[in-house]
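To keep things clear, I will list the structure first and then write my remarks on it.
Numbers restart at 1 for each chain; the letters A, B, ... are given by sequence-line order, proteins then strands. As a basis for the values below, the full set of heavy atoms in this structure was taken, side chains included, without hydrogen atoms, waters or symmetry mates. Quick caveat, the model's predicted, so the values are computed rather than measured.
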Protein chains: 2
Amino acid sequence: MMGIEILSVLKKNNLSITGSRKKILELFQHTDGALAHADIEKKSGEHFDRVTIYRTLQTFVEKGILHTIPTADNSVLYALCKDDCSQGHHHDNHVHFICDNCNTAYCLDNTDYAKPQLPKGFKQTRTDVIVSGICIKCN
Amino acid sequence: MMGIEILSVLKKNNLSITGSRKKILELFQHTDGALAHADIEKKSGEHFDRVTIYRTLQTFVEKGILHTIPTADNSVLYALCKDDCSQGHHHDNHVHFICDNCNTAYCLDNTDYAKPQLPKGFKQTRTDVIVSGICIKCN
DNA sequence: TAATTTTTGCAACATAATTGCAATTATTTA
DNA sequence: TAAATAATTGCAATTATGTTGCAAAAATTA
């Protein structure tokens, strides 16, 4: 059942179905938050080459399957795009919480907030809200 | 005239007045947006050791003279803190605009926005809002 | 100006990320 | 289905990024 979704995501994006892609997508589907490259290296029981992981992540970002999350400590985090993220419609509203202690990233996409108003001449295509602090587990 | 400000900033923060500190502060004062480590290495005509630049930036961040900006492509950006940033009062509320086209980062610190409400058990220490889009120059 | 403190630069190290290319694997098509 | 084609992977090498310890140099203090 999960498998079907993964395959259709890959096919929809004209990507060959390979072990690393399936495994990495699966990881994200089973993860509530976001993952860093290092997490993926550890969590994927099979050990794919680092380069393969880099390239897979990059491909997924290009296809709109994953997006990167800006972080205050500038580590690279990846998260699944919701739904038809590839259409670009849902790309403009991201709220994430990143724990200063355990570094876990939580998606808070359902959280409401008011977008800041921009000066004239600036056009917004996407807004990320990054809340740093201490998460419920580390409290 | 610029020189005086720089010296007073350093003195106010109990920092020795050195070539690299003066030069790097000067760079930021002459820059509208934000700078990455690499920019600074290039733009400072004199070539300071990489380590010195790292340490200088780190010191400035600790003292509240500069702050970092999270970016989606995870390059580390630094920008001058406005006014009394060193008091810490303005540290937990950053709004930045990063142009998709020219990559310039703008501080929009005076922009108002509502902080998202967090689930119970989460404590916020800092919130960053990153607006991506097209800036006034690229419009 | 001498003594003290702070900062710098070098060297070494550690980690993160990228590139080219040959070997492998997946897909296509005949 | 098997051969031909196309896409992807893994390896090796390279480059970029960031950190640490320590001795030399510079700045500050007395």
| Going by heavy atoms in the side chains, are A:I136 and B:F122 under 4.5 Å from each other? | yes
| remark: Rounded to whole Å, the CG-C1' distance (B:D49 to D:dA26) equals 15 Å
| field | Protein-nucleotide distance (A:N14, atom CG; C:dT28, atom C1'), rounded to Å | value | 13 Å
| query | 5'-most contact on DNA chain D: B:A38 or B:G19, nearest heavy atom basis? | reply | B:A38
| Gap between atoms CG and C1', on A:L77 and C:dA16 respectively (whole Å) | 15 Å
| field | Spacing between B:I53 atom CD1 and D:dT19 atom C1', to the nearest angstrom | value | 15 Å
| request: Check whether any side-chain nitrogen or oxygen of A:S20 sits under 4.0 Å from OP1 or OP2 of D:dT8, and answer yes or no. | output: no
| field | For atom CG of B:D73 and atom P of C:dA17, their distance in whole Å | value | 12 Å
| field | Under-4.0 Å side-chain N/O to phosphate OP1/OP2 contact, A:S16 with C:dT25 | value | no
| message | Less than 4.5 Å apart, side chain to side chain, heavy atoms only: is that true for B:S16 and B:R21? | response | yes
| said: Please classify the nucleic acid contact of B:R50 as base, sugar-phosphate, or nothing, using heavy-atom distances under 4.0 Å. | reply: base
| Whole-Å gap separating C1' (C:dT6) and NZ (B:K11) | 16 Å
| Atom pair distance, as rounded to whole Å: CG in A:L15 and C1' in C:dT28 | 17 Å
| query | Side-chain contact, heavy-atom cut-off 4.5 Å: B:L77 with B:T68? | reply | no
| message | Determine whether a donor-acceptor pair (one donor, one acceptor, N or O, separation below 3.5 Å) exists between the side chain of A:R55 and the base of D:dG10. | response | yes
| query | Tell me, do A:Q124 and B:S132 make a side-chain contact under 4.5 Å, heavy atoms counted? | reply | no
| request: Indicate yes or no: at least one non-hydrogen side-chain atom of B:F60 is less than 4.5 angstrom from one of B:L80. | output: no
| field | Along DNA chain C (nearest heavy atom to each residue), the more 5'-positioned of A:Y54 and A:T18 | value | A:Y54
| Is A:T52 near enough to D:dG10 that one of its side-chain N or O atoms lies under 4.0 angstrom from OP1 or OP2? | yes
| request: Could you check how far NZ of B:K42 sits from C1' of D:dT17, rounded to whole Å? | output: 13 Å
| query | Hey, which of these two, A:H37 or B:V51, hits DNA chain C nearer its 5' end, going by closest nucleotide? | reply | B:V51
